[in-house]
Amino acid sequence: MGLHLICTNFTHPGDIIFVEEPTYFFGLRIFADHDLRLIPINTYENGLLIESLEEKLTEFRPKFLYVIPTYQNPTGQTLSPERRKQLLNLSRQHDFIVVADEVYHFLSYSGQPPKPFAAETEAGNIISLGSFSKILAPGLRLGWIQANAELINRFVNSGLLDSGGGMNPFTSAIVCSVLETEGLDQNINKLITVYRARIAGMDAALRMHLPGVEYTLPKGGYFFWIHLPDGINASELQHRAEAFKVGFRPGALFSCQGGMQDYIRLSYVFYEPDELEQGVLRLKQSLDKME
Ligand SMILES: Cc1ncc(COP(=O)(O)O)c(C=O)c1O
């Protein structure tokens with residue numbers, strides 16, 4: 001909903017926006033709903049590559065850059081402090097909005113996550129998005145937008161929000177009391193404990209059963225981003241895996257240019273470690289059938 005509101009208030013059909021390659025696939029769907037023209041910016045290890053952004057800025061004037069800076073979906077990467085600073089400088093120099101989707105920020109399993117982009121909102125053209133989906137319950141359909149007063153007023157004064165007295169006032173009031181009674185903190189702490197065990201279980205299973213695949217152990221969020229062995233196409237593997245009753249998202253889903261075909265995204269948050277091992281074993285059986 002936050003992305004939809006941003007597109008509604010800050011873009012027109014045909015406008016250019018920048019997205020990470022790869023990025024959140026429903027983000028791509030929402031941008032398509034608004035007929036935006038997407039330009040991919042490469043990512044590597046510590047997130048968005050500033051050189052790739054600078055190069056694209058010589059050619060295009062984006063309305064905004066959509067970035068998932070912390071525990072990215074799908075790669076699990078986190079944008080380094082140095083690149084964050086460079087990104088903010090470029091947004092000022094070239095006058096584009098940074099839309100930072102930070103839904104995984106609170107799900108940090110080793111150490112502190114970087115400061116949210118929201119902390120910089122007074123500094124400029126930054127819109128930070130958060131959601132209760134990953135830290136409380138997705139069915140609430142509630143999140144938040146943080147930005148400086150000028151940008152926030154664009155949302156507040158839009159017909160949709162003005163007419164409804166906000167986005168979701170009844171659910172908001174319930175969630176507000178959860179926050180006030182510290183129920184959210186307790187829930188996040190519980191999730192972190194549970195997910196830490198699951199991430200370790202998934203990592204152990206991958207190392208034991210699929211030693212040939214490459215990935216970086218995520219420090220937070222929901223996902224393992226796996227580089228498949230040479231010559232394996234993720235969509236074909238997905239088809240093969242159906243017979244073994246194991247599912248994953250193929251990499252091409254996260255690309256706005258049909259790339260990433262040799263990657264898959266695995267999520268570990270829903271299952272217990274022994275079930276995750278079973279899933280990895282099934283994935284191995286599917287891979288063995290490809291060779
Ligand atoms: C980067 C990112 N943004 C947004 C969402 C969805 O959030 P919500 O449930 O609040 O729409 C997800 C969930 O997968 C996500 O990965």
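Note that ligands are numbered from 1 as they come in the structure, with each ligand's atoms numbered from 1 the same way.
Judged purely by distance below 3.5 Å, without hydrogens or angles, the side chains of Tyr71 and Ser108 pair a donor atom with an acceptor atom.
Using a 4.5 Å heavy-atom threshold, the side chains of Leu36 and Cys7 count as touching.
Applying the 4.0 Å criterion to heavy atoms of Ile68 picks out, from ligand 1, the atoms 1 (C). Near Val103, the atoms of ligand 1 lying under 4.0 angstrom from a non-hydrogen atom of the residue are 1 (C), 2 (C), 3 (N), 4 (C), 15 (C). Numbered from 1 in the order shown, with element, the atoms of ligand 1 that lie under 4.0 Å from a heavy atom of Asn73 read 14 (O), 15 (C), 16 (O).
Open room surrounds OH on Tyr44; 12 or fewer heavy atoms of other groups in view lie less than 6.0 Å from it. Atom CZ of Arg196 is surrounded by more than 12 heavy atoms from other residues, nucleotides or ligands within 6.0 Å.
Remark: minimum distance from atom 10 (O) of ligand 1 to any protein heavy atom is reached at Ser131 OG, 2.6 Å. In terms of protein heavy-atom proximity, atom 16 (O) of ligand 1 is closest to Tyr104 OH, 2.5 Å. For atom 11 (O) of ligand 1, the closest non-hydrogen atom of the protein is Arg141 NH2, 2.8 Å. Considering only non-hydrogen protein atoms, atom 14 (O) of ligand 1 sits nearest to Lys134 NZ, 2.9 Å. From the protein, the heavy atom lying nearest to atom 6 (C) of ligand 1 is Tyr24 OH, 3.3 Å. For atom 9 (O) of ligand 1, the closest heavy atom belonging to the protein is Ser133 OG, 2.5 Å. Protein heavy atom in closest approach to atom 1 (C) of ligand 1: Asp101 OD2, 3.4 Å.
In this pair, Tyr263 and His227 present their aromatic rings parallel. The plane angle is below 30°, not in the 30 to 60° band.
Using 4.0 Å as the threshold, Phe132 has no heavy atom nearer than that to any atom of ligand 1.
In terms of modelled atom types and a separation under 3.5 Å, the side chain of Ser255 and the main chain of Ala252 share no donor-acceptor contact.
Contact detail for Leu87 and Ile50: the closest heavy-atom pair is N-CD1, 4.0 Å.
We find the CD-CG distance between Gln86 and Leu53 to be 9.5 Å, quoted to the nearest 0.5 Å.
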